[in-house]
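Before any comments, here is the structure.
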Amino acid sequence: MSPRPGPPRASAWEDAVLAVVAQVPPGRVLTYGDVAELLGHGSARGVGQSMARAGDEVCWWRVVRADGGLHEPLRARAAVEHGREGTPRRPDGRVDLGRARWDAAGLDLPSAPPG
DNA sequence: CATTTGACTGCGT
DNA sequence: AACGCAGCCAAAT
């Protein structure tokens with residue numbers, strides 16, 4: 001009905017980011033850089049941008065920084081979810097990436113580039 | 001189209 | 001361990 005197809009709310013790239021996050025199982029995490037790498041392009045910063053736009057529509061607490069920490073305003077809420085999901089974390093409160101990092105070998109992307 | 005911003009990362013001090 | 005700096009890239013202005 002429109003003379004031309006209206007552009008989606010989010011770009012295809014942002015949608016892909018959210019798709020990856022949606023695949024992360026409870027109790028596991030990925031780093032922002034991991035998500036970007038799985039997509040084959042983009043950067044950790046772009047991932048953070050997309051997640052900020054998505055808000056609570058995704059399990060954002062399953063994506064953490066490279067050091068296992070999170071953005072300060074999100075830290076408290078993430079701690080609750082991590083405790084509920086049993087996410088391995090260090091005494092410092094940061095996620096223990098050595099144990100919590102998700103093995104995305106079985107990830108099913110809508111359009112993943114050849115590895 | 002140019003500039004600024006930001007839920008990032010790695011390295012040096 | 002804390003801090004600063006440069007590189008990075010997509011979205012917003």
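A note on names: the letters A, B, ... follow the listed sequences, proteins ahead of strands, and every chain is numbered from 1.
Across all strands shown, A:A66 has heavy atoms under 4.0 Å from sugar-phosphate atoms exclusively, and none from any base.
Distances shorter than 4.0 Å separate none of the side-chain N or O atoms of A:R53 from OP1 or OP2 on B:dA7. Contact annotation: A:S11 reaches the phosphate of C:dA11 (side-chain N/O to OP1 or OP2, under 4.0 Å).
Counted within 6.0 Å of CD on A:E81, heavy atoms from surrounding residues, nucleotides or ligands total more than 12; the atom is thus considered enclosed.
What separates CD of A:E37 from P of C:dC9 is a distance of 14 Å, to the nearest Å. Between the C1' atom of B:dT9 and the CG atom of A:D34 lies a distance of 12 Å, rounded to the nearest Å. Rounded to an integer number of Å, the gap from CD of A:E14 to P of C:dA10 is 12 Å. Atom CZ of A:R94 and atom C1' of B:dA7 are 17 Å apart (whole Å). Rounded to an integer number of Å, the gap from A:W13 CH2 to C:dA11 P is 7 Å. Rounded to whole angstrom, the span from the CG atom of A:D67 across to the P atom of C:dC3 amounts to 13 Å. When the P atom of C:dA2 is taken as reference, atom CD of A:E72 falls 13 Å away, rounded to whole Å. Protein atom CZ of A:R65 is 13 Å distant from nucleotide atom C1' of B:dG10, rounded to whole Å.
Comparing atom distances between the A:H71 side chain and each of B:dG6, B:dT9, B:dA7 picks out B:dA7 as nearest. If you check B:dT9, B:dA7, B:dG6 against the side chain of A:Q49, the one that comes closest is B:dG6.
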Derivation of the side chain to side chain donor-acceptor pair (under 3.5 Å) call for A:W102 and A:Q23:
CA-CA 10 Å; A:W102 178 45; A:Q23 293 292 315; over 6 Å; no
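Looking at A:D96, its side chain does come within 3.5 Å of a backbone N or O of A:G98 through a donor-acceptor pair.
Of the inter-residue distances, the one linking A:T31 atom OG1 with A:D67 atom CG reads 10.0 Å to the nearest 0.5 angstrom.
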